[in-house]
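Taking it in order: structure first as structure tokens, then the write-up.
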Amino acid sequence: MTIYLKDCTYLNWDNLEMTRVNLAVAEGPRKGISFPTSVPRSENLGPQDRVLNCAGKLVTRSFGCGHHHIYSTLARGMPAPRKIPTNFPEILQYIWWHLDKRLDLEMIEASALASAIYCAKNGVTFVIDHHASPFAIKDSLPTIARAFDRVGIAHLLCYEISDRDGQGPREEGLTETDAYLGVGRQGHVGLHASFTVGDTVLEQAITLARKHNSGLHLHVAEDRADQEDSLAKYGKRVVARLKDSGALDLKKSILAHCIYLSDREKELIRQSGAWVVQNVESNQNNNVGVTGYATLTENVMLGTDGMHCDMLRSAKAAFLSGQTTEGLDFDGIYRRFRNVHRYIQAFGAEGDADNNLVILDYDAPTEVTTNNFPAHFVFGLDARHVETVICQGKIIVEDRCVTQVDEGEVLAFGREMGKKLWEKL
Ligand SMILES: [Zn+2]
């Protein structure tokens, strides 16, 4: 199947070159695009081929999310916690750990489907997720994968293994990860964070990541409490602990947050080539503080940390926060927004080739050029401009509607599952 995008303005995501062309988009996880001089006449089209008239539309690479938690989807509007948290460990204890322990596979499916729809409609076609459901671990990763596959979103999944709920969930987390990666699915070995992960499970996770040629995906120094715990228990800071364990030798590892780091820790991360994910809205929401990343490493991606599924919104938040923390400029935030593609390529994962595209109905009041595009990106471009989305050469959103699932049915299922979850809180 080929999709022809007729007479579009194609924006190369990497060098921002803009050309008025016809695009032919091939279907498949590693397929690409070509630039035919003309679009075939209707009698010469294959039965599955499509032609979309894109005159006046901007077409560019679709977006990716570097750190997401689909498990939090059903939290929206939930009853207030029994105790109002006053710090980050209490936010985990009274909100997120209270919620994730009550998830079952049906709720996980509803969470993943709804989240995948929101991602698709926001132009996000690749999601790196970090999942937790301590009492519904078995089959949680295939359940999420099936939901994402149904909507048409590519992914790198993991389960956040930890010691926080004892031996049972810890062992199940390791088993689930081994089983998921063992059948050839692409993903990470997830860990929650240093302060919930003892030395034994850390070592087991690293062994598992080596076995499957993957990396770890964990939260690092999101709050000062993570560093205080590591110093108290192990006599060293979090990143030094990761370095000594061999975790930083895994080139595919993702370290989310990285807010409270010493200069030495920054140097260790820089030398390792590990990737860091900035989630500034979540950090502001949890009141853990924010930081600049310019002095840490070039390898910084953006994530939502489960707060929403709109990467253009995350980029704007990171840009605004970056004004005080690091003097981030337009080019800098655009590069960070697009780093997810560089990470996925370095990982060797499928599903983020050139045939992942968004068609934007961008109603700019001023001229858009290669030079000023990053400013349009920061101040103009919004999710509302995302009209049609193509993932791996397949149309998954057309005229702002998802094409692969019934959105109304999915959201009704979500509301039903949300009710079931809230009754257990
Ligand atoms: Zn997170």
Side-chain angles (χ1 to χ4, degrees), residues 64-76 85 87-101 103 108 111-112 115 118-119 124 126-134 140-141 144 155-162 164 173 177 187-197 205 215-227 229 238-239 242 247 253-261 269 274-291 293 300-311 313-314 317-318 321 336 339-340 343:
C65 176
H67 181 72
H68 194 21
H69 296 289
I70 64 94
Y71 77 78
S72 65
T73 306
L74 302 179
R76 204 187 300 180
N87 56 40
F88 182 64
E90 285 187 4
I91 288 173
L92 293 177
Q93 189 184 342
Y94 293 109
I95 298 179
W96 299 117
W97 293 353
H98 188 69
L99 178 142
D100 69 17
K101 283 180 196 169
L103 291 171
I108 295 167
S111 301
S115 191
Y118 299 141
C119 286
V124 176
F126 199 106
V127 172
I128 302 175
D129 193 75
H130 195 250
H131 177 66
S133 52
S140 59
L141 295 180
I144 299 167
H155 47 83
L156 276 173
L157 307 182
C158 71
Y159 185 82
E160 55 168 73
I161 303 161
S162 79
R164 78 166 148 109
T177 303
H188 292 99
V189 177
L191 286 171
H192 173 252
S194 172
F195 69 100
T196 55
V197 168
L216 301 181
H217 182 178
L218 76 164
H219 299 118
V220 171
E222 181 174 0
D223 184 63
R224 280 198 185 87
D226 199 18
Q227 292 289 9
D229 177 90
V238 172
V239 178
L242 292 174
S253 288
I254 291 182
L255 317 178
H257 303 297
C258 289
I259 295 172
Y260 293 98
L261 300 183
I269 290 176
W275 286 76
V276 170
V277 189
Q278 177 181 12
N279 305 273
V280 68
E281 294 152 295
S282 163
N283 302 149
Q284 289 169 328
N285 180 50
N286 290 331
N287 197 24
V288 293
V290 291
T291 190
Y293 293 82
V300 181
M301 306 184 261
L302 301 178
T304 62
D305 208 18
M307 278 190 67
H308 56 76
C309 304
D310 179 352
M311 291 309 299
R313 177 172 154 192
S314 287
S321 164
R336 207 171 278 180
N339 268 345
V340 65
Y343 171 78

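Start at 1 and go down the list; that is how both ligands and their atoms are numbered.
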Heteroatom N/O/S of His257 within less than 2.8 Å of the Zn ion (ligand 1) =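 No, since none of the N, O or S atoms of His257 sits under 2.8 Å from the Zn ion (ligand 1).
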key: N, O or S from His219 under 2.8 Å to the Zn ion (ligand 1)   = yes
query = Can you find a heavy atom in the side chain of His67 that is under 4.5 Å from one in the side chain of Ser282?
reply = no
query = Which atom, among the N/O/S set of Asp305, is closest to the Zn ion (ligand 1)?
reply = OD1
key: Candidates Leu157, Ile128, Asp129, Leu216 - the one meeting side chain to side chain contact (heavy atoms under 4.5 Å, CB included) with His188   =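 The passing option is Ile128.
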query = What orientation do His219 and His69 show, parallel under 30°, tilted 30 to 60°, or perpendicular over 60°?
reply = tilted
ask   = Which word best sums up how the rings of His217 and His130 line up, parallel for under 30°, tilted for 30 to 60°, or perpendicular for over 60°?
value =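 Judged by the thresholds at 30° and 60°, the geometry between His217 and His130 is tilted.
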